[in-house]
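Everything below concerns the one structure shown next.
Keep in mind the model is a prediction, meaning the values are calculated, not measured. Side chains are part of it too, since the values below use all heavy atoms of this structure and drop only hydrogens, waters and symmetry mates. Letters A, B, ... are given to chains in the order of the sequence lines, protein chains preceding strands, and every chain is numbered from 1.
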Number of protein chains: 2
Amino acid sequence: MSKHTHSCEHCHHQSCARRVPIFSSLDDDELSWVSSLITTKKYSKGELIIMEGSNPESLIIVNKGKVKAFKDTQEGKEQILYIFTEGDFLGEKNLLSQQKATYNVETLEETHICLINKKDFQQLLREYPDISFKIMSELCNRLERLENTIENMGAKKIEARVSSVLLEFLDKYGKHHAKGTLVELPLSREGIASYIGVARETVSRKMSRLQDEGVIRVIGNKKVIILDKEALEREIQ
Amino acid sequence: MSKHTHSCEHCHHQSCARRVPIFSSLDDDELSWVSSLITTKKYSKGELIIMEGSNPESLIIVNKGKVKAFKDTQEGKEQILYIFTEGDFLGEKNLLSQQKATYNVETLEETHICLINKKDFQQLLREYPDISFKIMSELCNRLERLENTIENMGAKKIEARVSSVLLEFLDKYGKHHAKGTLVELPLSREGIASYIGVARETVSRKMSRLQDEGVIRVIGNKKVIILDKEALEREIQ
DNA sequence: CGGGCACTTGATAGTAATCAAGTCCGGTGG
DNA sequence: CCACCGGACTTGATTACTATCAAGTGCCCG
C-alpha cells in the first residue's frame, strides 16, 4: 500500500481525485499518490481565480462549486465561454501548450479547488498515458461544445440560442419536479446574455415568451421549471 | 535503418509524415515506420471527404490542398468551423472519443490526404507519448481559436469579424507584395459569410467599405491586398 | 463572343440593441 | 415586524443595423 493512504491531511483530497474523470483509470494506490500531490484552496462567490494574461503554474480541478470562464472585450462586453463545475479541470492550456491564460475565471458561488503542480502533472502524464487519453477525450468534448455554440451563434435564431442554454442547464443542473424539471440557473439574466451573445433585455423577452407559451415557468431570478422539454428541442431542431 | 526507408512506394509519404507537427519529435527510423502505415487518397475540388454522422476509421492528415469543415443547419444555412491545410489532422474525435463525425468536410481545391488506421494510430500514441503531447497542444490551439471566434461572434461588431477573417487569412495565406500583402482567399464571399455567421451581401458591403477607406484592395473574387494591416487590427482592438 | 455565376449595390422590412420607465424581491435598519 | 432601499429584472418605445429581396454588373470559361 502506498504510504500516503493513511495520511490524514490528504484524505479529503482523495475523494476529489477519485471523482475526477481524468483520473478514473487509476487504482487506489495511484489515487493516493495523486492525492498527495494535491493542495487545495477555497474561494467565496465572485472571486477572480485566473486573470487573462497571467501564467498559472498548476492544473486546477473544481472540487465544489461553479466558476465561469470569460473574456472582456474592448466594447465593454463580457463573453462567457465555459461554466466549470465539480470534476472539471482548467488551466491545461498553460501546462500543455506554453501559453498564458486567454480568459478570466471567476467563481459563481463558494468554490473549492484542487491544485496540481505543473511538474507533478507532467510526470503523471508520462507515467499514466491513460490520463492523456482522458484529457484528449475531454478536450474533444469541449471542442464539440464550442463548435455547437458557434453553430448556434452564427447560423441560428436567438430563440434557438435561448433554448439551447436552457437545455444545457437542464442537463447539468436539472432536478426532477412535479410538473417538469426544476433548474437552478447558474447565471443571472445578464450572465446568460453574455453566454449566448445577446442583450440582457432580449433574454428576458424570450424567456417571457417561452413562459407565455407554457414551455417554461420562471420562478424568481434563479429558478426555472422546464415544462415542455420537447418544445425547446423543436426550437433548436 | 528501418527496412522501410528504401521502400519506394512509401517515399512520397515520408515527406508527409515529416511535415506534420504531431510527428515532429520522431527520428528518421520512426518516421519511416509511420510512413509505412500511411495510405493516401486524392480528391478533386468540391468532394465530400467526411459526412456528418459517419464514422471514419482513420486519422486524416492533409498533405496538399485545403478543406473546409462545416455544419448544415435546418434553416438551410451552413456554418463553417475550420479550414484545414497542409499538415493539419482531422478525424481525431472519432479516434480519441468514440464519437461519430459531428461535421462535414469538403475539399476547397484539389487535395491529397494521408490516412492512418485507427489501430495503428492508437499504437503510435502508446509507443510515443510525445505524439499525445503534440496532439493535446494542437487541440488546445483549436480551442483557443474557437474561443476567439465565439468572442467575435458574440461580443463584437460585424466590422471586427470581417477584419478578423482577413487577418487570419493574411497569417495563413499572405504573400509579400509591393504595397502590402497579397492574400488568396480560400473561400468565396458566401464561404466567408458562413464562416463568420452573416449574410453574403454583408461581407460584400463591409469589404467595399474597407476598400473605400484604403485599408484593402479587392482583386476579383479571390484575391485581396491588405494595404493597412494596423487598421484591421484597430477594428478588432 | 456569349452565357452563367458570383459578386455588388440599392431598397425595404424585420429584429434586436439601446434607451427609459417601472416592478419585484431580498436585505437592512429603524 | 415593518418600511425603506437598492439591485436585478421586465416591459415598452425608439433607433440602428443587418437580412432579405431585387436589380444590375463584371468576370471567367467555354
Sugar-phosphate only, base, or nothing, as touched by B:R205 at under 4.0 Å among non-hydrogen atoms: base
Per B:N221 side chain, nearest of listed nucleotides D:dT20, D:dT11, C:dC7: C:dC7
Residue among B:K64, B:K42, B:K222, B:K66 satisfying salt bridge (Lys or Arg N to Asp or Glu O under 4.0 Å) with B:E109: B:K66
Presence of A:T202 side-chain N/O under 4.0 Å of C:dA17 phosphate oxygens OP1/OP2: yes
Closest listed nucleotide, where the reference is the side chain of A:S208 and the choices are C:dT8, D:dT11, D:dT10: D:dT11
Side chain of B:I158 (C-beta onward), nearest among D:dT18, C:dT9, D:dC9: D:dT18
Residue pair B:E92 / B:L139, side-chain heavy-atom distance below 4.5 Å: yes
Residue B:S204, side-chain heavy atoms: nucleotide from D:dT18, D:dT10, C:dT8 that is nearest: C:dT8
Phosphate OP1/OP2 of C:dA16 contacted by A:K206 side-chain N/O (<4.0 Å): yes
Length of the CZ-C1' vector between B:R189 and D:dG26, whole Å: 13 Å
Pairwise 5' ranking along DNA chain C for A:E201 and A:G220, keeping only the more 5' one: A:E201
Distance, rounded to the nearest Å, where B:L185 contributes CG and D:dC27 contributes P: 16 Å
A:E159 with A:K206: basic N within carboxylate O range, under 4.0 Å: yes
Distance in angstrom units between A:R200 CZ and D:dA8 C1', rounded: 9 Å
Charged N-O contact under 4.0 Å between B:E147 and A:K93: yes
